[in-house]
Number of protein chains: 2
Amino acid sequence: MTIRVEGMMRDSQDTWLPQPDLDEVDIGEVLQALADPVRLQIVRLLAAAGEGSCTSLDVPVKRSTVSHHLRTLRESGVVATRLVGNTRLSRLRTAELEERFPGLLVSILAATPRARQLVG
Amino acid sequence: MTIRVEGMMRDSQDTWLPQPDLDEVDIGEVLQALADPVRLQIVRLLAAAGEGSCTSLDVPVKRSTVSHHLRTLRESGVVATRLVGNTRLSRLRTAELEERFPGLLVSILAATPRARQLVG
DNA sequence: ACCGTCGTACGATGCTCATCGTACATGACG
DNA sequence: CGTCATGTACGATGAGCATCGTACGACGGT
């Protein structure tokens with residue numbers, strides 16, 4: 001069951017920050033969100049760690065900037081943010097993104113940063 | 001057979017503007033190229049028409065701006081430009097992009113502009 | 001109650017870049 | 001050879017935005 005309270009959402013035990021319905025999200029906004037190098041790094045870190053907060057993410061910018069990037073990613077539908085105590089844990093909306101834009105996130109995460117590595 | 005002359009390339013009958021090897025292209029640059037709404041529209045038009053020139057593409061910007069966008073798309077590895085007479089015909093590097101970033105271009109082109117259409 | 005941590009809001013700043021107008025080189029056409 | 005179209009280079013301009021510092025509210029631990 002899911003109820004809305006003041007723009008937020010409560011799902012079982014967790015409270016989530018408001019997030020857009022992916023059906024109403026344009027791929028242009030998603031691409032614009034993923035275009036920034038810091039945000040792309042955040043997406044990669046979230047894909048590897050599962051969850052991440054404003055201070056736990058290892059990116060070369062200040063906390064307030066990370067907060068701004070996580071807000072951008074959330075408003076574009078890329079991540080969902082869960083409130084636990086005093087911290088906010090964000091995670092990729094992997095399944096929903098795969099349903100709305102099949103192959104997009106997978107191809108981005110699978111892509112090596114630059115040239116392909118020659119192994120063996 | 002392919003030879004390089006002054007940065008350009010000659011392939012059978014056609015001469016092509018210099019373009020990067022996709023193995024040396026970072027996905028961040030590609031995403032940044034596709035993030036602009038006009039360039040995304042150009043990509044969609046090229047996917048539909050196969051080829052397009054600076055004046056044939058129906059976008060709401062001036063010719064010099066279209067030229068700038070096509071240059072950006074070419075330098076990021078998204079399109080290839082062929083010289084024929086006085087015009088330059090650009091096309092998507094569909095096959096090469098699919099090999100380098102599997103599923104990326106497909107997912108972008110398959111995505112509807114906003115919400116999914118309910119058919120039937 | 002006190003203090004440290006966490007995240008955000010806000011204003012300021014500086015840089016990137018999309019856009020345009022213009023000028024110019026090139027090729028097609030008569 | 002003159003004329004027109006095509007595309008690009010270049011400079012100017014304006015807007016968007018990434019970044020930071022600071023202040024503030026909320027929560028947890030002691």
Side-chain angles (χ1 to χ4, degrees), chain A residues 5-8 13-19 26 28-43 45-46 51-76 78-91, chain B residues 5-8 13-19 26 28-43 45-46 51-76 78-91:
Chain A
V5 180
E6 294 286 341
M8 301 197 186
Q13 296 289 355
D14 297 334
T15 308
W16 300 77
L17 289 183
Q19 56 186 10
D26 186 82
E29 307 173 20
V30 177
L31 290 175
Q32 213 159 5
L34 298 174
D36 183 81
V38 176
R39 284 195 290 264
L40 187 58
Q41 186 177 354
I42 291 178
V43 168
L45 291 174
L46 291 180
E51 273 182 338
S53 69
C54 210
T55 53
S56 72
L57 290 170
D58 186 26
V59 285
V61 288
K62 297 301 178 185
R63 289 181 301 276
S64 56
T65 307
V66 181
S67 175
H68 164 63
H69 284 316
L70 285 176
R71 177 196 182 101
T72 301
L73 288 172
R74 173 167 39 87
E75 291 180 348
S76 67
V78 178
V79 305
T81 303
R82 180 173 118 251
L83 281 76
V84 43
N86 203 12
T87 69
R88 287 150 169 76
L89 292 179
S90 300
R91 62 176 62 172
Chain B
V5 180
E6 293 285 339
M8 301 198 186
Q13 296 289 354
D14 297 334
T15 308
W16 299 77
L17 289 184
Q19 56 185 11
D26 186 82
E29 307 173 19
V30 177
L31 290 175
Q32 215 160 3
L34 298 173
D36 184 82
V38 176
R39 284 196 288 266
L40 187 58
Q41 186 176 355
I42 291 178
V43 168
L45 291 174
L46 291 180
E51 272 182 339
S53 69
C54 211
T55 53
S56 73
L57 291 169
D58 186 26
V59 285
V61 288
K62 297 300 178 185
R63 289 179 300 277
S64 56
T65 307
V66 182
S67 176
H68 164 63
H69 284 317
L70 284 176
R71 178 195 181 104
T72 302
L73 288 172
R74 172 166 40 86
E75 290 179 348
S76 65
V78 178
V79 304
T81 304
R82 178 173 118 252
L83 281 76
V84 43
N86 202 11
T87 71
R88 287 148 168 79
L89 293 179
S90 299
R91 62 177 63 173

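A, B, ... follow the sequence lines: proteins, then strands. Residue 1 opens every chain. As the structure is a prediction and not an experimental result, all values here were calculated from the model.
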Report task. Give A/Thr55 one of three labels, base, sugar-phosphate or nothing, depending on what nucleic acid heavy atoms sit under 4.0 Å from its own. Result -> sugar-phosphate
Query raised in the report: Nearest to the side chain of A/Asn86, which nucleotide is it out of C/dG7, D/dT8, C/dT5?
Result: C/dT5
Report summary line: Separation between CZ (A/Arg74) and OG (A/Ser90), nearest 0.5 Å, reads 7.5 Å
Query - Shortest side-chain distance from A/Arg71, nucleotide among C/dA9, D/dA5, D/dG7 - result: C/dA9
Query raised in the report: Which distance, rounded to the nearest 0.5 Å, do you find between the NE2 of B/His69 and the CG of B/Asp36?
Result: 4.5 Å
Report summary line: Between CG of B/Leu70 and P of C/dA18 the distance, given in whole Å, is 13 Å
Requested in this report: Using atom CG of B/Leu17 as one end and atom C1' of D/dT6 as the other, report the distance to the nearest whole Å.
Outcome: 13 Å
Report task. Round to the nearest Å and state the distance from B/Glu75 atom CD to C/dA18 atom C1'. Result -> 15 Å
Query - Interatomic distance, A/Leu40 CG vs D/dA18 P [rounded to whole Å] - result: 13 Å
Report summary line: To the nearest angstrom, the CD1-P distance between B/Ile42 and C/dT19 comes to 9 Å
**Report entry** Euclidean distance, atom NZ of residue A/Lys62 to atom C1' of D/dC20 [Å, nearest integer]
**Finding:** 9 Å
Query raised in the report: Are B/Thr72 and B/Val78 side-chain neighbours, meaning at least one heavy-atom pair lies under 4.5 Å?
Result: no
Query raised in the report: When all nucleic acid strands are considered with a 4.0 Å heavy-atom cut-off, which category describes B/Val38: base, sugar-phosphate, or nothing?
Result: sugar-phosphate
Query raised in the report: Given atom CG of B/Leu57 and atom C1' of D/dT6, what is their separation to the nearest angstrom?
Result: 13 Å
**Report entry** Whole-Å gap separating P (D/dA23) and CZ (A/Arg63)
**Finding:** 14 Å
Query raised in the report: How is A/His69 classified with respect to the nucleic acid when contacts are heavy atoms under 4.0 Å: base, sugar-phosphate, or nothing?
Result: sugar-phosphate
**Report entry** Candidates D/dA18, D/dG7, D/dT19 - which lies nearest the side chain of B/Ser67
**Finding:** D/dG7
Requested in this report: State whether B/Arg39 places a side-chain N or O below 4.0 Å from either non-bridging phosphate oxygen (OP1 or OP2) of C/dA18.
Outcome: yes
Requested in this report: Would you kindly compare B/Gln32 and B/Gly85 by the position of their nearest DNA chain C nucleotide and give the one closer to the 5′ end?
Outcome: B/Gln32
Requested in this report: With heavy atoms under 4.0 Å as the rule, sort B/Thr87 into base, sugar-phosphate or nothing.
Outcome: sugar-phosphate
Requested in this report: Establish, with yes or no, whether the OP1 or OP2 oxygen of D/dT19 is under 4.0 angstrom from a side-chain nitrogen or oxygen of A/His68.
Outcome: no
**Report entry** Side-chain heavy atoms of B/Val84 within contact of B/Thr87, under 4.5 Å
**Finding:** yes
**Report entry** D/dT22 phosphate, OP1 or OP2, under 4.0 Å from A/Ser64 side-chain N/O
**Finding:** no
Query raised in the report: When you measure from the side chain of B/Arg88 to the backbone N and O of B/Thr81, does any donor-acceptor pair fall under 3.5 Å?
Result: no
Query raised in the report: Out of C/dT19, D/dA18, D/dT6, which nucleotide sits closest to the side chain of A/Asp36?
Result: D/dA18
